[in-house]
Novice: 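Dumping the structure here so I can ask a few things about it.
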2 protein chains.
Amino acid sequence: MDPSSASLRPREPRRGRRTAVTLSDVAAAAGVSPITVSRALNTPETVSEVLRGRINATVEALGYVPNRMAGALASAKTRVIPVIVPSLSNVVFVEVIEGIQETIEAAGYQMLLGSTDYDLDREAALASTLLGWAPPGVLLAGLRHLPRTATLLKNADVPVVEFMEYGARCIDMNVGLSHVRAGAVMAAHLLERGYRRIGFVGTRMRDDYRARQRYEGMRRHIAEVGGASDILFEYPWGPGQEVGWHALADVLAADPQVDALFFANDEMAVGAVLRAQRDGIAVPGRVAVAGFNGLPMSALVTPALTTITSPRKEIGKQAATMLLSRINGTPPVQRRIDVGFVLEARSST
Amino acid sequence: MDPSSASLRPREPRRGRRTAVTLSDVAAAAGVSPITVSRALNTPETVSEVLRGRINATVEALGYVPNRMAGALASAKTRVIPVIVPSLSNVVFVEVIEGIQETIEAAGYQMLLGSTDYDLDREAALASTLLGWAPPGVLLAGLRHLPRTATLLKNADVPVVEFMEYGARCIDMNVGLSHVRAGAVMAAHLLERGYRRIGFVGTRMRDDYRARQRYEGMRRHIAEVGGASDILFEYPWGPGQEVGWHALADVLAADPQVDALFFANDEMAVGAVLRAQRDGIAVPGRVAVAGFNGLPMSALVTPALTTITSPRKEIGKQAATMLLSRINGTPPVQRRIDVGFVLEARSST
DNA sequence: GGGATTTTTGGTAGCGCAACCAAAATCTGA
DNA sequence: TCAGATTTTGGTTGCGCTACCAAAAATCCC
């Protein structure tokens, strides 16, 4: 007696599901067994050329689309990599994502994108949901997460790369740059050029802790060196040129001593330069302006903007490459990579 | 004799797969049947409060993460919606994606993002792969695809929304704006302001057919009205401020008659304005400059940029909403939505 | 209070594919 | 020419979950 006869008995689809073409349909049409079709598609070199041709033709003819879920369930493998970022409105993340996308797509993987809107609870929820897809690895922005997010990812036993900032403590692997050092370097530059009252302008810094790190780096450096002071201005808006546009006037009115402004990003800084231009405020004569990120537009405004260039696409590529090498069993050369940054001293300071 | 007894026989994991906590584990630990756990998670209202509490506690305790693939395979339903766009470097798509993301996440769906890099073959491949996830619907940028892409999507029998441009022929549903009309409206504006030699500056227009449509709309309008002429300038670069920065000088040198320039997007137009500023070229005195998209920065440069504002986030939201309503069985009010656009006439023209 | 509902729980089967093992076909060398 | 090695093909089983159906328990109504 054949215990599996029940499952071989012909039947119509169990539920109202759409009756898509399945691997068995292709097999039947091509006159081979299902497993041969599976092989022809996944490991073509193990199937004779004749059958391969016939099978490919049948696949084409029937418009067969493999059910990835069934495949993933059977093989306990997916080629979908979740990428969790705080925001898509920020160009910076988009460029990192591009780097990731290029790299993983070239390796035959797909990207499942989740955005947390800077909310750590949402991040935890997202991580949990995305792990349900049994991904081969996870890419996660930032090093600060809820304890349960970290636990979840550690328990899941998948490679994880945390990208954006470089730091000592990571779940698994880490690629990024030190924002504290970037802040310090900018402070050093501004002090060197003789500015003595340096403002930092940021938005929603409770959420954007990387901006906070830059401010911290700057503040500490100024304190260490002495002879100058810093002041923080925070706006509750989303980061954008408008913030810089308004901030320039606000700040100079609120604290006329300020002779240099370090903005949390280039967009705000560009907004400030444009405002200065319109209102005839001399940059850097009246106030120096610096940004962060090294967006192309920073070089185009007049005066050209001093900024710190971060290798965003590179971060994405490195993160993806690291993850892929771990997925493929090759341990990456290093578990933590500091991609560094470059200070672009231009005429706005 | 029980034909399925074979599958009930206890066994160790078949392969070297990682032995994650499964629904059955939770059921055993909570002392209920697996199906009850499934219900407690998916349709909590159908399970008594006592059991629900016990099950949730067990889920928590064991760190159970449902295997979405198994669920999807069994129910023939996923909550993952593929979104296919030509590019992520373009802010415009990112904003549309944000609108989509917000809307579908609120409805409990996930976004699977694919980018085609303006390659229709890649688009077809991507569509095929993504359909393998048996998605409840598909969001696709643009109305122009390879025949096989359209066939694939039609055969898949899932709701599809094509977004970005509005047009007569769509696979299923469509949200966007008419780029041809936008071009014509801008032409009308420039003619009305007295410009007579109007240049259009675009990049990679073989791929970016929406920019081409705007040019076409402009060209035809100018031809219809008479008394003015147009000229096309095309750059092989990626679209960005640098293009406008260089184009302004190039164009004026190549064709000194040109008295107005309509750029394919705001970024290029802003680049041109910044260049004009640096080089002391009067805008709009020597040459008028107009952009497209209505990015925030267009209002901040001096002179403020005339542009056409497109409701990008709105397009994303509408597209997602339409798709969701179809997924939920409610046919959307309309199958095609023209979201329109607004000409922002500012001082650069 | 007893039958008819309604609510809550469980059993069974199978979604579509790939891993594992076995069998068949082909090739190799003396 | 034939045993043994190699390549190519097929059968069976189960991945973890939910649809469907049925049974049990709780509630209702006159």
Side-chain angles (χ1 to χ4, degrees), chain A residues 2-28 30-52 54-55 64-78 132-134, chain B residues 2-28 30-52 54-55 64-78 132-134:
Chain A
D2 176 9
S4 75
S5 62
S7 68
L8 294 176
R9 166 185 337 129
R11 54 168 196 281
E12 59 275 0
R14 186 169 54 151
R15 301 146 207 190
R17 60 176 68 219
R18 65 169 217 274
T19 19
V21 180
T22 72
L23 188 120
S24 301
D25 297 336
V26 176
V32 295
S33 81
I35 188 63
T36 305
V37 177
S38 170
R39 271 193 287 256
L41 296 173
N42 297 320
T43 51
E45 69 281 5
T46 64
V47 174
S48 67
E49 205 161 332
V50 194
L51 281 191
R52 210 186 316 153
R54 208 158 83 212
I55 290 169
Y64 169 63
V65 175
N67 184 326
R68 307 275 158 193
M69 255 115 44
L73 184 59
S75 66
K77 270 185 221 134
T78 24
W133 291 97
Chain B
D2 177 7
S4 75
S5 62
S7 67
L8 294 177
R9 165 188 335 132
R11 54 171 194 280
E12 58 277 358
R14 188 169 55 152
R15 302 148 206 185
R17 61 176 66 219
R18 70 169 212 275
T19 20
V21 179
T22 70
L23 187 117
S24 300
D25 298 335
V26 176
V32 296
S33 80
I35 186 67
T36 305
V37 177
S38 169
R39 270 192 288 253
L41 296 173
N42 298 319
T43 51
E45 68 281 3
T46 64
V47 174
S48 68
E49 207 161 327
V50 194
L51 282 190
R52 210 189 313 154
R54 207 157 85 212
I55 291 170
Y64 169 64
V65 176
N67 184 325
R68 309 271 158 197
M69 255 114 45
L73 183 59
S75 67
K77 270 186 222 134
T78 25
W133 291 98

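Residue numbers begin at 1 in each chain, while the letters A, B, ... track the order of the sequences.
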Novice: Look at B/Ser38 and D/dC17 and indicate whether a side-chain polar atom (N or O) is within less than 4.0 Å of OP1 or OP2.
Specialist: no

Novice: Hey, does the side chain of A/Asn67 come within less than 4.0 Å of C/dC15's phosphate (OP1/OP2), counting only N and O?
Specialist: no

Novice: May I ask you to say what B/Pro66 touches in the nucleic acid, namely base, sugar-phosphate or nothing, with a heavy-atom cut-off under 4.0 Å?
Specialist: sugar-phosphate

Novice: Is A/Thr22 close to A/Asn67 at the side-chain level, that is, under 4.5 Å between some pair of heavy atoms?
Specialist: no

Novice: Tabulate protein N/O versus nucleotide N/O from nucleotides 7-9 of chain D, keeping only pairs under 3.5 Å, one per line.
Specialist:
residue: D/dT9; atom: OP1; partner: A/Ser48; partner atom: OG; Å: 2.7
residue: D/dT9; atom: OP2; partner: A/Ser48; partner atom: N; Å: 2.9

Novice: Can you tell me how far OG of A/Ser33 sits from CG of A/Leu51, rounded to the nearest 0.5 angstrom?
Specialist: 9.0 Å

Novice: Rounding to a whole Å, what distance do you find between A/Arg68:CZ and D/dG16:P?
Specialist: 21 Å

Novice: For a quick test of reading the model: is some side-chain N or O of B/Tyr64 closer than 4.0 Å to OP1 or OP2 of D/dG16?
Specialist: no

Novice: Check side chain to side chain contact (heavy atoms under 4.5 Å, CB included) between B/Arg39 and all other residues, then give those that pass, not counting sequence neighbours.
Specialist: B/Ile35, B/Thr36, B/Thr43, B/Thr46, B/Val47

Novice: To 10°, what angle do the rotation axes through the five end pairs on each side of the helix from C/dG1-D/dC30 to C/dA30-D/dT1 form?
Specialist: 20°

Novice: Does B/Gly132 offer a backbone N or O that forms a donor-acceptor pair with the side chain of A/Arg68 under 3.5 Å?
Specialist: no

Novice: Hey, what do you get for CE (A/Met69) to NZ (B/Lys77), rounding to the nearest 0.5 Å?
Specialist: 12.0 Å

Novice: Is it true that a side-chain atom of B/Thr78 and a backbone atom of B/Ala134 form a donor plus acceptor pair closer than 3.5 Å?
Specialist: yes

Novice: Give a yes/no on whether any side-chain N or O of A/Lys77 is located under 4.0 angstrom from OP1 or OP2 of D/dC15.
Specialist: no

Novice: Provide the closest heavy-atom pair for B/Ser24 versus B/Pro34 in the form atom of the first, atom of the second, distance.
Specialist: OG-CG, 4.2 Å

